[in-house]
Amino acid sequence: SAFNSRSVVVSLPLASPTVTTNAATAIELQTATLNGLLNSRGGAGTANVRFDWGDVANTENLTGWQTLNSDNATFAANLTALAKGKTYHFRAEAQNTAGTVYGLDLTFITKPDAASGLTTTPVSQTQINLSWTKGTGAFNTKVQRGPAGGVCPVSPVDATQVYYGQGSSVSDSGLTANTTYCYRAWSEALEESLTKYSDSYSQVVVNTPPAVDNPPQITISCPQCASIMNLGDVVSVTVSATDDLGLDQLYLKVAGEQPI
């Protein structure tokens with residue numbers, strides 16, 4: 001017997017596409033790249049993808065549509081003219097004739113400008129005052145001091161922290177006289193628990209003044225000595241002395257007697 005064969009075309013109903021929001025990359029002062037993955041077109045021949053983005057979740061800023069014709073396809077969009085030191089939200093969006101879907105909301109923060117004009121004013125042999133101008137987009141400024149000898153810190157967490165906060169000046173004390181120090185000031189952006197340091201920094205190298213060997217300052221106190229005393233009276237004398245470089249010994253000599 002003979003069998004007849006024929007082809008039957010069955011059209012399956014379309015499903016909505018699926019999409020994943022991936023982390024932003026190439027984040028700089030005012031630019032960033034948004035990334036996404038079209039997991040499935042939902043059975044359609046093509047699907048359109050784009051990004052929603054802004055400085056709060058689910059904003060109306062939109063990138064242009066891109067049309068993809070394969071599953072597991074990556075896509076990206078470049079953002080420009082962003083604010084410095086600002087947190088942005090974004091999510092991937094995918095659409096076919098069956099519906100529109102969104103990926104998770106992710107965030108990134110742009111870099112701030114570095115602090116500028118870091119200057120120093122030596123106050124004494126052991127203290128230096130510093131001041132600077134905060135960078136655009138900075139929430140905090142981080143000032144680090146390298147070790148004695150003029151070695152500069154290599155990162156915002158290297159060497160000794162001198163200052164971390166929102167101000168523009170600090171006094172650094174406890175230094176060594178006649179010594180070279182290197183200071184660097186970084187900016188830190190901080191918003192919605194996201195942080196990012198500036199790539200560059202402001203730097204200054206300074207020498208503390210040499211120690212000066214001034215004469216010791218001596219103070220003698222004898223309240224009873226202002227009165228007329230008789231031979232054999234006992235008096236109390238207090239002697240104190242200070243010196244820039246420190247004192248090894250202190251002698252008190254009474255006329256006609258050996259030093260004590």
Side-chain angles (χ1 to χ4, degrees), residues 1-114 135-140 142 155-157 166 186-200:
S1 60
F3 293 92
N4 293 325
S5 63
R6 57 182 178 176
S7 299
V8 177
V9 177
V10 178
S11 298
L12 298 175
L14 291 178
S16 297
T18 55
V19 70
T20 300
T21 311
N22 289 335
T25 55
I27 303 167
E28 297 298 334
L29 290 166
Q30 294 184 281
T31 59
T33 299
L34 308 183
N35 298 289
L37 172 68
L38 177 65
N39 306 96
S40 169
R41 291 163 290 156
T46 62
N48 297 322
V49 295
R50 65 182 178 182
F51 295 96
D52 302 354
W53 66 276
D55 57 5
V56 294
N58 303 325
T59 62
E60 70 278 4
N61 295 325
L62 301 170
T63 62
W65 284 113
Q66 302 176 47
T67 301
L68 303 179
N69 57 12
S70 62
D71 294 339
N72 297 313
T74 59
F75 59 99
N78 295 322
L79 301 183
T80 60
L82 301 175
K84 299 173 183 178
K86 184 69 177 175
T87 292
Y88 289 93
H89 293 250
F90 70 102
R91 63 180 181 173
E93 178 182 355
Q95 182 185 80
N96 64 11
T97 56
T100 300
V101 296
Y102 300 92
L104 295 177
D105 176 77
L106 299 183
T107 56
F108 68 90
I109 187 169
T110 53
K111 298 175 181 178
D113 275 333
T136 301
F139 186 82
N140 292 314
K142 185 86 173 291
S155 76
V157 295
Q166 300 175 44
W186 282 267
S187 292
E188 182 194 46
L190 172 62
E191 189 178 36
E192 295 187 37
S193 301
L194 297 181
T195 64
K196 191 175 289 293
Y197 282 110
S198 59
D199 285 334
S200 56

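Between the CG atom of D55 and the OG1 atom of T107 there is a distance of 12.5 Å, given to the nearest 0.5 Å. In this structure, OG1 in T46 is found 10.5 Å from CD in Q95, a value given to the nearest 0.5 Å. Atom-to-atom distance recorded for F108:CZ and H89:NE2 is 10.0 Å, nearest 0.5 angstrom. Taking CZ of R50 as the start and CG of L62 as the end, the distance is 4.5 Å to the nearest 0.5 Å. To the nearest 0.5 Å, atom OG1 of residue T136 and atom CG of residue L29 are 9.5 Å apart. Of the inter-residue distances, the one linking N39 atom CG with N72 atom CG reads 6.5 Å to the nearest 0.5 angstrom.
Partners of A92 under the side-chain contact (heavy atoms from CB on, under 4.5 Å) rule, at least two apart in sequence or in another chain, are V19, T21, F51, F75. Taking the side-chain contact (heavy atoms from CB on, under 4.5 Å) definition, one finds that Y102 meets it with D52, R91, E93, T100, sequence neighbours left out. Here A23 pairs with nothing under the side-chain contact (heavy atoms from CB on, under 4.5 Å) rule; sequence neighbours left out.
Residues L82 and W53 meet the side-chain proximity criterion, which asks for heavy atoms closer than 4.5 Å. The closest side-chain heavy-atom distance from Q166 to F139 is below 4.5 Å.
For P112 against K196, the heavy-atom pair with the smallest separation is CD-O, 3.5 Å. Nearest heavy-atom pair across S187 and A114 is OG-C, 3.3 Å. Listed here is the closest heavy atom pair of P17 and V101: O-CG2, 3.0 Å. Nearest heavy atoms, N96 versus G42: ND2-CA, 4.2 Å. The minimum heavy-atom distance linking E191 with I109 is given by the pair N-CD1, 3.9 Å. Scanning all heavy atoms of the two residues, the minimum distance from K84 to D113 falls at NZ-OD2, 2.8 Å.
Of the residues T110, T63, T33, the one that meets the side chain to side chain contact (heavy atoms under 4.5 Å, CB included) test with L79 is T63.
A donor-acceptor pair under 3.5 Å links the side-chain atoms of K142 to the main chain of P156, judged by distance alone. Under a 3.5 Å cut-off, the side chain of S40 and the backbone N or O of T18 do not form any donor-acceptor pair.
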